[in-house]
Amino acid sequence: MRFIATGDWQLGMTAHYLSDEARPRFHRARLDAVARIGALAVEEGAEFVLVCGDVFETNQLDRAIIARTFEVLNAFTVPVVLLPGNHDPLDAASIYDSPAFSSRVPSHVHVLRGSDPFTVVPGVEIIGAPWSSKHPQGDLVAAATKDLAEVAAGDIRIIAGHGAVSVLDPDRESLATIDTDHLRALLRDDRAQFVALGDRHATFEVADRIWYPGAPEVTSRRETDPGNVLLVDIDADTHRAEVEKVHVGTWAFTVIEADLNSAGDVTEFEERMNAVPDKDRTAVWLILRGTLPTAAKARLDEQLDHFSDLFALVSLWERHMDLAVVAADDDFADLGLSGYLQETLDELSARATADDDSAVTAQDALGLLYRFARSGS
C-alpha cells in the first residue's frame with residue numbers, strides 16, 4: 001500500500017515580509033505545490049494523500065482561497081484526508097464548518113473530525129488527532145490512540161497527528177507535547193504501522209516509522225529541509241515501511257553571509273548573488289560584515305538596489321549586520337569637490353568614525369554624497 005504524507009500547506013499564508021509584487025506569486029506557488037502532489041499521486045500510484053494539519057493558514061480566510069483550493073483538489077484522482085491543526089482547529093469559527101467549505105468540498109476530500117477510525121481505502125484506516133482549539137490541554141495523539149487494539153492481519157493503521165514530539169519540543173512544559181515513547185509503543189505492539197505528523201515544516205524522521213513530512217513549500221528562513229512530501233510504502237503482510245522524500249517546492253528562503261572589506265569583496269558578493277537561480281522565487285536575508293571604503297559601499301548599495309528588483313526579497317538582517325564605512329582618500333579624489341561639498345565630506349568623515357549612534361547615519365550619508373557627487377561629475 002502506497003500513500004503520500006504531507007502537512008502544513010498553510011494556504012492563505014500572509015507572507016507579510018515579501019513585496020507586494022512577490023506576495024501573490026508566493027500564494028499561487030503554494031497551490032501549485034498542492035497540484036504537484038496530486039500529479040505525484042498519479043505518477044507513483046499512491047492510493048491516497050494524508051495532510052497532517054494546518055491545511056489553511058487560519059480559520060479566517062477569504063472564501064476565494066477556499067474556492068481555489070477546491071479547484072486544485074478537484075483534479076486529484078485519489079482520496080485526500082485533511083487533519084485540522086493549530087492554525088485551522090475545529091473550534092467555533094472553524095473554516096471546515098464555513099459555508100464556503102461545506103457547500104463545495106469535493107466528495108473525495110475528507111476531514112478527520114475525531115479519533116474514530118476512518119477507512120480511507122479497503123484495509124487501511126487512519127486514526128486522527130484533530131485540534132479542537134489552539135490550546136489543547138493534553139497530548140491529543142495519546143488520547144486518540146490509548147485504547148487501540150492490535151491491527152488485524154493484512155490490514156494497515158496509520159496515525160495522523162499534529163504538534164511537537166517530546167524529543168524535539170523546546171517547551172517541555174507544554175500540555176500538548178506528543179509523547180514519543182507512546183508512539184514507539186504503538187508501533188512496537190503492532191497497534192499501528194506508521195505515524196505521520198504535522199507542525200514541523202522541515203522533513204524529519206523522529207524514529208523508525210514516525211515522520212514529519214514537512215511543508216510542501218518553504219515558510220521560513222529557519223527551515224533546513226522544506227518543500228517535500230513523503231511517499232510511503234507499507235507492506236500489508238510484514239508491516240515494513242519504506243519512506244521516500246520527494247521534493248515538490250519551487251521557492252527558496254536563504255541566508256547569505258559575507259565579509260566585505262574591499263572593492264574585490266564587493267565584486268565577489270555580486271558574482272555570488274548573480275549565481276543564485278530562480279531569483280523571482282527566492283527570498284534572501286543578508287548578513288554583511290566588514291569595513292568598506294565609501295566607493296565600494298556605494299557600489300554595494302547599487303547592487304542591492306538591482307537585486308531587490310530581481311529577487312522576491314532582499315532583506316538586510318539588521319540584528320546581525322556589522323558593516324562600517326570609511327572615507328578613503330582616493331574615493332573622492334577624482335570628483336573635484338570644493339566649497340560646501342568638501343566641508344560636508346570632512347564633517348561626515350569625522351562623524352563616521354565616532355563611537356556613538358551618529359556614526360551609522362554619517363556612514364550612510366557618505367555613501368549618498370559619493371553617489372550624488374559621482375553622478376554630477
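Only heavy atoms go into these numbers, but all of them, side chains included; no hydrogens, no water, no symmetry mates.
- There is a path of hydrophobic side-chain contacts, each under 4.5 Å, that joins F311 to L288.
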Hey, mind stepping through L61 and F101 against side-chain contact (heavy atoms from CB on, under 4.5 Å) and telling me if it holds? CA-CA 11 Å; L61 290 178; F101 187 95; over 6 Å; no

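- The hydrophobic clustering, which links ILVMFWY residues whose side-chain heavy atoms are closer than 4.5 Å, places V55 and I95 together.
- Considering every non-hydrogen atom in both S115 and A144, the closest pair reads CB-CB, 3.5 Å.
- Hydrophobic cluster membership for L313: M13, Y17, L18, F26, V218, W251, F253, V255, W285, I287, W317 (Ile, Leu, Val, Met, Phe, Trp, Tyr linked by side-chain heavy atoms under 4.5 Å, directly or transitively).
- Within the 4.5 Å cutoff, no side-chain heavy atoms of D54 are placed close to those of E57.
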Stepwise side-chain contact (heavy atoms from CB on, under 4.5 Å) check, M1 with I158: CA-CA 12 Å; M1 189 278 300; I158 299 164; 4.0 Å; yes

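- With rounding to the nearest 0.5 angstrom, the CG atom of D225 is 15.0 Å from the OH atom of Y212.
- Within the 4.5 Å cutoff, no side-chain heavy atoms of V266 are placed close to those of E302.
- The aromatic rings of F3 and F194 stand perpendicular to each other, their planes meeting at an angle above 60°, with 30° marking the opposite boundary.
- Expressed to the nearest 0.5 Å, how far CD of E44 lies from CZ of R2 amounts to 5.5 Å.
- Open room surrounds NZ on K146; 12 or fewer heavy atoms of other groups in view lie less than 6.0 Å from it.
- With sequence neighbours excluded, no residue forms a side-chain hydrogen bond (donor to acceptor under 3.5 Å, both in side chains) with R200.
- In this structure, P213 and A5 approach most closely via the heavy-atom pair CB-O, 3.2 Å.
- Under the 4.5 Å side-chain contact rule for hydrophobic residues, V105 and L31 share a cluster.
- With hydrogens and angles disregarded, a donor-acceptor distance shorter than 3.5 Å links the side chain of K279 to the backbone of N274.
- Here CG of D8 is found 13.0 Å from CD of E217. Values are rounded to the nearest 0.5 Å.
- Side-chain contact check for P89 versus K134: some heavy-atom pair is nearer than 4.5 Å.
- Considering all non-hydrogen atoms of both residues, A207 and R184 come closest at CB-NE, 3.8 Å.
- In the hydrophobic clustering of this structure, L231 does not group with F204; members are Ile, Leu, Val, Met, Phe, Trp, Tyr whose side-chain heavy atoms approach within less than 4.5 Å, directly or through other members.
- Within the 4.5 Å cutoff, the side chain of L183 has heavy atoms near those of the L197 side chain.
- Nearest heavy atoms, E47 versus P79: O-CD, 3.3 Å.
- Hydrophobic clustering, defined by side-chain heavy atoms of Ile, Leu, Val, Met, Phe, Trp and Tyr closer than 4.5 Å, groups L140 together with W131.
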Given side-chain contact (heavy atoms from CB on, under 4.5 Å), test L323 with L300 step by step and report yes or no. CA-CA 11 Å; L323 190 64; L300 174 65; 3.6 Å; yes

Could you go through the side-chain contact (heavy atoms from CB on, under 4.5 Å) check for V195 and L186 one step at a time? CA-CA 9 Å; V195 179; L186 289 172; 5.5 Å; no

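- Contact record, R30 with Q10: NE-O, 3.6 Å, taken as the closest heavy-atom pair.
- Salt bridge annotation for D32-R36: absent, with no cationic side-chain nitrogen under 4.0 angstrom from a carboxylate oxygen.
- Under the 3.5 Å distance criterion, the side-chain polar atoms of D155 are left unmatched by any main-chain donor or acceptor of V151.
- If you take NE2 on H239 and CD1 on I234, they are separated by 8.5 Å, rounding to the nearest 0.5 Å.
- H306 and E270 form no side-chain donor-acceptor contact under 3.5 Å, judged by distance and modelled atom types alone.
- Here the side chain of D278 pairs no donor or acceptor atom with the backbone of R281 at under 3.5 angstrom.
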In a table with atom names and distances, give each donor-acceptor pair under 3.5 Å that connects a side chain of residues 63-75 to protein atoms at least two apart or in another chain.
from	atom 1	to	atom 2	distance (Å)
T69	OG1	I65	O	2.8
N74	ND2	F70	O	3.0

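- No hydrogens or angles considered: a donor-acceptor pair under 3.5 Å links the side chains of T145 and H182.
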Side-chain donor/acceptor pairs under 3.5 Å, residues 119-128, sequence neighbours excluded:
from	atom 1	to	atom 2	distance (Å)
E125	OE2	R157	NE	2.6
E125	OE2	R157	NH2	3.1

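- When atom types are taken as modelled, the side chain of T14 and the backbone of H16 share no donor-acceptor pair closer than 3.5 angstrom.
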Kindly determine whether H110 and F118 satisfy ring-ring contact (aromatic ring centres under 6.0 Å, His included), including the steps that lead there. CA-CA 9 Å; H110 311 278; F118 173 70; 5.0 Å; yes

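- Every pair passing side-chain hydrogen bond (donor to acceptor under 3.5 Å, both in side chains) that includes a residue from residues 76-103 is listed here, sequence neighbours excluded: N59-D91, N86-H162, D88-Y96, D97-R113.
- Across all their heavy atoms, H108 and V78 have their closest contact at CD2-O, 3.3 Å.
- Each of V80, L83, V81, I37 was checked for a side-chain contact (heavy atoms from CB on, under 4.5 Å) with V51, and the lone residue meeting it is V80.
- For the residue pair S166 and T180, a side-chain donor N or O sits within less than 3.5 Å of a side-chain acceptor on the partner.
- Of the possible donor and acceptor atoms, one in the side chain of D139 sits under 3.5 Å from a partner among the backbone N and O of D179.
- Considering only heavy atoms from C-beta on, L286 stays 4.5 Å or farther from F307 through its side chain.
- Annotation: the span from E21 atom CD to D309 atom CG amounts to 9.5 Å, rounded to 0.5 Å.
- Atom CG in L90 sits 9.5 Å away from atom CG in L112 (nearest 0.5 Å).
- Under a hydrophobic clustering in which Ile, Leu, Val, Met, Phe, Trp and Tyr are joined whenever their side-chain heavy atoms come within less than 4.5 Å, directly or via other members, I159 and L230 fall into different clusters.
- Of the possible polar contacts, one joining the H247 side chain to the G227 backbone as a donor-acceptor pair under 3.5 Å is found.
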